[in-house]
Amino acid sequence: MAPPTVVFFPFWGAGHLMSMLDAGKRLLARSGGALSLTVLVMQPPTENDRSEVAGHIRREEASGPGIRFHHLPAVEPPTDCVGVEEFISLFVELHADHVKAAISALTCPVAAVVLDLFGTTLLDVCRELDVPAYVYFTANAASYALMLRLPALHEEVTVDFEDMESMVYLPGLPPVPPTSFPLPVMDKKNPNYTWFVYHCRRFMEADGVIINTASVLEQSVLAAIADGRCTHGVPAPTVYPVGPVLSLTMSSPAEQPHECVRWLDLQPPASVVLLCFGSGGFSTATQAHEIAHGLERSGHRFLWVLRGPPVAGTQQPLDANFGELLPEGFLERTKEKGLVWPRKAPQKEILAHAAVGGFVTHGGWNSILESLWYGVPMVPWPLYAEQHFNAFTLVAYMGPAVAMEVDRKRNNFVDASELERAVKALMDSDSDDGRKAREKATDMKAACRKAVEEGGSSYYALGRLYEDIRKGAVRMSQ
Ligand code: UDP
């Protein structure tokens with residue numbers, strides 16, 4: 001008989017899809033062929049996302065057998081949504097019947113279903129089918145701890161979090177300024193907030209929660225979750241910290257290095273600061289001018305991934321038009337010191353390069369893990385999702401970063417002098433803050449690599465996950 005399968009149901013955003021695929025592949029390898037992997041693929045609502053997902057799947061299929069992709073029928077996207085998280089949650093929920101039909105039609109036993117963190121509505125389908133259900137949490141354990149606390153905070157705090165006058169106490173973390181809370185929970189009247197509280201409540205029903213972190217990075221937070229301190233003493237589902245889960249397949253073959261990499265080859269070691277802002281980050285002309293002046297005045301070498309504002313009504317940043325975005329003469333004046341790249345760049349290959357000594361990042365969790373994997377210290381510049389909270393944990397809790405003042409009330413604006421200060425603090429060889437961040441990043445690089453090696457904490461957590469899924473599979477087949 002075919003081996004039992006684990007069904008993954010990711011949201012299509014690259015930070016979720018790729019991370020879940022990679023975690024699935026590790027689980028598969030760990031099972032030594034005792035499990036198979038089935039991925040249910042939604043048809044994303046935009047052409048751009050559809051072609052991106054198709055590209056990812058094509059590359060996975062070409063890299064060898066192992067994953068079975070099952071394309072679900074398209075659904076009509078929800079209309080009149082106010083926010084991104086609301087849209088994703090509703091869109092995922094609309095797939096419930098298709099997911100149920102797809103799982104029911106599988107000819108091998110289903111050992112478990114792994115849902116995206118925005119997919120908790122599908123827990124009902126898993127219960128109906130009596131299949132163990134796990135949640136894959138693509139953010140860090142600190143964000144998960146906050147999510148576990150959110151339903152209680154919802155009752156305790158009557159004002160919007162940004163209007164709170166006191167700090168929030170989250171077990172395992174230093175006192176948290178409420179202004180660092182994730183964007184979708186800042187406005188309680190926004191449907192995004194309601195959806196967040198909904199998902200947070202439902203995490204408690206999962207059979208386990210897989211988190212893309214390593215226990216050494218967030219020890220006290222993981223201990224607080226395990227002791228029920230984030231859930232008023234009620235035991236929370238078992239957490240499996242299996243990270244860093246990074247898809248380390250480089251995007252360009254070694255014999256054809258990317259132009260950014262070829263430029264880096266010409267720079268001295270640890271001399272370049274990278275600026276890159278995730279899949280959704282972009283700069284207006286006003287902001288780009290401030291960045292340009294800040295970089296120029298810092299005197300440091302830079303590789304700046306600059307993308308322009310999306311067309312109204314869409315989310316996708318556009319390739320940068322330098323004529324519209326950059327100050328006159330900037331490229332000419334800085335041509336010996338910097339490279340501005342106008343579209344998505346191969347971030348992992350860049351971070352892996354010895355010439356990169358610092359990273360100004362929007363602070364998506366995948367970007368943070370990639371930076372730690374290569375031991376690159378950071379300056380967080382949060383823009384959206386849970387990035388303000390990541391910036392707080394990175395600076396105040398984990399340590400491999402230098403803080404920068406970001407004006408959340410002005411669309412996360414940073415002026416030239418503050419960027420100049422932060423870049424110097426990160427990159428200057430005589431900066432105390434920079435030295436501390438560099439040391440911490442170097443320690444964390446070693447700790448992350450050790451965690452995923454045989455005998456490491458994440459290796460052990462993956463083994464425990466496999467054992468628990470296997471026990472579920474045995475129960476299902478009886
Ligand atoms: N990324 C990239 N090039 C870019 C921008 C982003 O390769 O120009 C990759 C980055 O390496 C990371 C992912 O896109 O793997 C972004 O994930 P993250 O969680 O950091 O942020 P999100 O895009 O989800 O906000």
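Remember, it's a predicted structure, so these values are computed and weren't measured experimentally. Whatever order the structure lists them in is the order used to number ligands and atoms, beginning at 1.
Side-chain contact between Tyr240 and Thr238 is present, with heavy atoms from C-beta onward closer than 4.5 Å.
Going from atom CG of Asn192 over to atom CG of Asp187 covers 9.0 Å, rounded to the nearest 0.5 Å. Between the CD atom in Glu218 and the OG1 atom in Thr393 there is a gap of 7.0 Å [rounded to 0.5 Å].
Ring geometry for Tyr193 against Phe161 counts as tilted: the plane angle lies between 30° and 60°, on a 0 to 90° scale. Phe203 and Tyr144 have tilted rings, their planes meeting at an angle from 30° to 60° on a 0 to 90° scale. Ring geometry for Tyr384 versus His362: interplanar angle of 30 to 60°, hence tilted.
For ligand 1, the 4.0 Å heavy-atom shell contains residues Cys276, Gly278, Ser279, Val305, Lys344, Ala345, Gln347, His362, Gly364, Trp365, Asn366, Ser367, Glu370, Tyr384, Gln387.
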